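Note that the numbering runs from 1 along the sequence shown for the chain. Atom set for the values below is all heavy atoms of this structure, side chains included, hydrogens, waters and symmetry mates excluded. None of these values were measured; they are calculated from a predicted model.
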Amino acid sequence: MVSTGKLEGRKGVGHSAAGSAAPASGVAGTVAEAEVSDQDMLLFQQLFKQYIGLHLPLSKKALLQSRLSHRLNELGLRGLAQYHRLISDADGAEERQRAIDLITTNETYFFREQSHFDFLTRELLPLWRDQAHLRVWSAASATGEEAYSLAMLLDNHRPAGSWSVFGSDISTRVLRFARRALYPMARGQNIPRTYLRRYCLLGTGEYEGHFLVQADLRAKVEFAQRNLTALHEHDDGLYDLIFLRNVIIYFDCDTKLQVLRDVIARLRPGGYLIVGHSESLHGMALDLLMHSPSIYRRPP
């Protein structure tokens, strides 16, 4: 069961990148033992680019093999070409989504890149003090840590104010984790202690080594699948703040520009877009003004 309590002094539980496939079973003649050909790689390059905009270079052959090999073994398939035919077929949507879940990397943790949260606390929340309602979008929320980090901060600084957090991702598998909100202790090592005590429940029994985000906070965060290359399919309104961090690096230049323009169109005039510290929008024709590296504002 899960009960209230402090998290200090507990041993953290390690984790690997979400989306990793289980080790291959070693069945003779499976893709686990076969080298990925350039032709097979090209097939999957085109498929993932078509459906989610992901740029998968030839150098990622080992990643493709490690992520998909176990699934091929489960299905009794002997090669990637067979699997590609299955997921590119008109009736292959369910298995295609599973392949997308496996290939996308979603490793994250609470309060990642702390300076962005400091900026929100120090500059944006005072600026928006008198605003009746704040809408925040975590546009590549993975397993939910970013969205819940934002929710903790907003609830702490606007206890009487109205706010909402929307978390989206292409992977339905990680969204299930996000809604459950049960995490290994290691992922919460950057959560401030006051937030740990206020918003997190310590796991006991079979959940020892984990913590659960409090139900009241979970209820204020909505999660749904969104394909960043097909945002036109949804009318989600405008946001005051959008976190689009550590995701555009996986797109080629044309796709990156398209995604950014579509995301900015969902940012209210005067709102802010935050990207990852390793990502740059330099030289792009975008309706944005740079506030500081990785932080941009849409002109009023």
Salt bridge between Asp89 and Arg96, side-chain N to carboxylate O under 4.0 Å? no
So CH2 of Trp163 and NZ of Lys220: to nearest 0.5 Å the spacing works out to 5.0 Å
Taking NZ, NE, NH1 and NH2 as the nitrogens, is one of them in Glu74 or Arg98 under 4.0 Å from a carboxylate oxygen of the other? yes
So, Arg71 and Glu95, do they make that salt bridge, N to O below 4.0 Å? yes
Just how far is it from atom NZ of Lys60 to atom CD of Gln65, taken to the nearest 0.5 Å? 14.5 Å
Which atom of Leu175 lies closest to which atom of Ser141, heavy atoms considered: CD2-OG, 4.3 Å
Below 4.0 angstrom, N of the basic side chain to O of the carboxylate: do Arg298 and Asp287 qualify? yes
Among side-chain atoms of Arg245 and His277, is any donor-acceptor pair under 3.5 angstrom? no
Hey, are Arg135 and Asp240 close enough for a salt bridge, meaning a charged N less than 4.0 Å from a carboxylate O? no
Rounded at 0.5 Å granularity, tell me how far CG in Leu64 sits from CG in Asp40. 8.5 Å
Mind telling me whether Phe243 and Phe117 have parallel, tilted or perpendicular rings, with 30° and 60° as the class edges? tilted
Just how far is it from atom CG of Leu196 to atom CD of Gln189, taken to the nearest 0.5 Å? 11.0 Å
Roughly how far apart are Ile274 CD1 and Arg297 CZ, rounded to 0.5 Å? 13.0 Å
Starting from the C-alpha separation in whole Å, work towards a yes-or-no answer on salt bridge (charged side-chain N to carboxylate O under 4.0 Å, His left out) for Asp155 and Arg198. CA-CA 10 Å; Asp155 189 73; Arg198 184 174 177 182; 3.5 Å; yes
Check this for me: does any side-chain nitrogen of one of Arg266 and Asp236 sit under 4.0 Å from a carboxylate oxygen of the other? no
Test Tyr148 against every option in Tyr199, Phe223, Tyr195, Phe111 by the ring-ring contact (aromatic ring centres under 6.0 Å, His included) rule and name the one that passes. Phe223
